[in-house]
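All values reported here derive from a predicted model rather than from experimental measurement.
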Amino acid sequence: MMLLGGRVARVAPEATAYPHREPGFLVTLLGGWTEEEDDAANTGWCREVYDTMQRFTSGGVHVNELLDEGERRIVAAHGADHYRRLSELKAKYDPANVFRVTRTSSPPTRPAADPPGPRNVSGPWLPPRPGNAEGPR
């Protein structure tokens with residue numbers, strides 16, 4: 001949990017791309033594991049905790065907490081007005097979708113898939129294990 005407020009709350013939501021300035025806390029659920037056969041069990045308990053906690057949330061999400069969860073969650077990270085503006089900027093300044101790993105807006109064309117990453121439900125990238133160029137699995 002990270003306490004929000006102070007200077008974060010003093011900036012108008014429309015002043016930056018980050019609109020979530022009133023909630024008191026940012027809560028992050030982290031779940032990580034190493035064995036592929038544990039995917040269903042670990043994803044299951046993470047999803048259960050997430051679903052249980054939703055009644056205590058504003059429904060927003062911090063953009064750094066997104067995986068490839070679809071456009072609905074990207075909109076939740078920015079708010080509808082911010083998302084529309086960011087999508088317009090993305091189409092204008094990044095039509096080739098060079099900056100596709102960031103989950104800031106829906107790109108004009110989506111790549112087939114991101115490079116393989118670790119097995120976790122909180123973020124798409126972790127540094128590779130020593131001696132393992134593919135990263136954690």
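Here Thr16 pairs with Arg21 under the side chain to side chain donor-acceptor pair (under 3.5 Å) rule; sequence neighbours left out.
Atom CD of Glu48 has 12 or fewer heavy atoms from other residues, nucleotides or ligands within 6.0 Å.
Across all non-hydrogen atoms, the minimal contact from Pro19 to Gly79 is CG-N, 4.1 Å. Closest heavy-atom contact between His78 and Tyr83: CB-N, 4.0 Å. Contact between Gly59 and Ala76 at its shortest, heavy atoms only, is O-CB, 3.8 Å. Counting all heavy atoms, side chain and backbone alike, Ala77 lies closest to His20 at O-NE2, 3.1 Å.
Within the 3.5 Å criterion, the main-chain N or O of Phe99 finds a donor-acceptor partner in the side chain of Lys90. His62 places no side-chain N or O within 3.5 Å of a backbone atom of Leu26 that could act as its donor or acceptor partner.
Rounded to the nearest 0.5 angstrom, Tyr50 OH and Leu29 CG are separated by 10.0 Å.
Inter-residue side-chain proximity for Val11 and Arg7 is flagged as unmet; no heavy-atom pair is nearer than 4.5 Å.
Of the listed residues (Asp39, Thr43, Asn42), just one forms a side-chain hydrogen bond (donor to acceptor under 3.5 Å, both in side chains) with Trp33, and that residue is Asp39.
For residues 73-88, the set of pairs meeting the salt bridge (Lys or Arg N to Asp or Glu O under 4.0 Å) definition, not counting sequence neighbours, comprises Glu69-Arg73, Arg84-Glu88.
Aromatic ring centres of Tyr18 and His82 lie farther apart than the 6.0 Å criterion allows.
In terms of hydrophobic clustering, with Ile, Leu, Val, Met, Phe, Trp and Tyr side chains grouped at heavy-atom distances under 4.5 Å, Tyr93 and Ile74 are assigned to different clusters.
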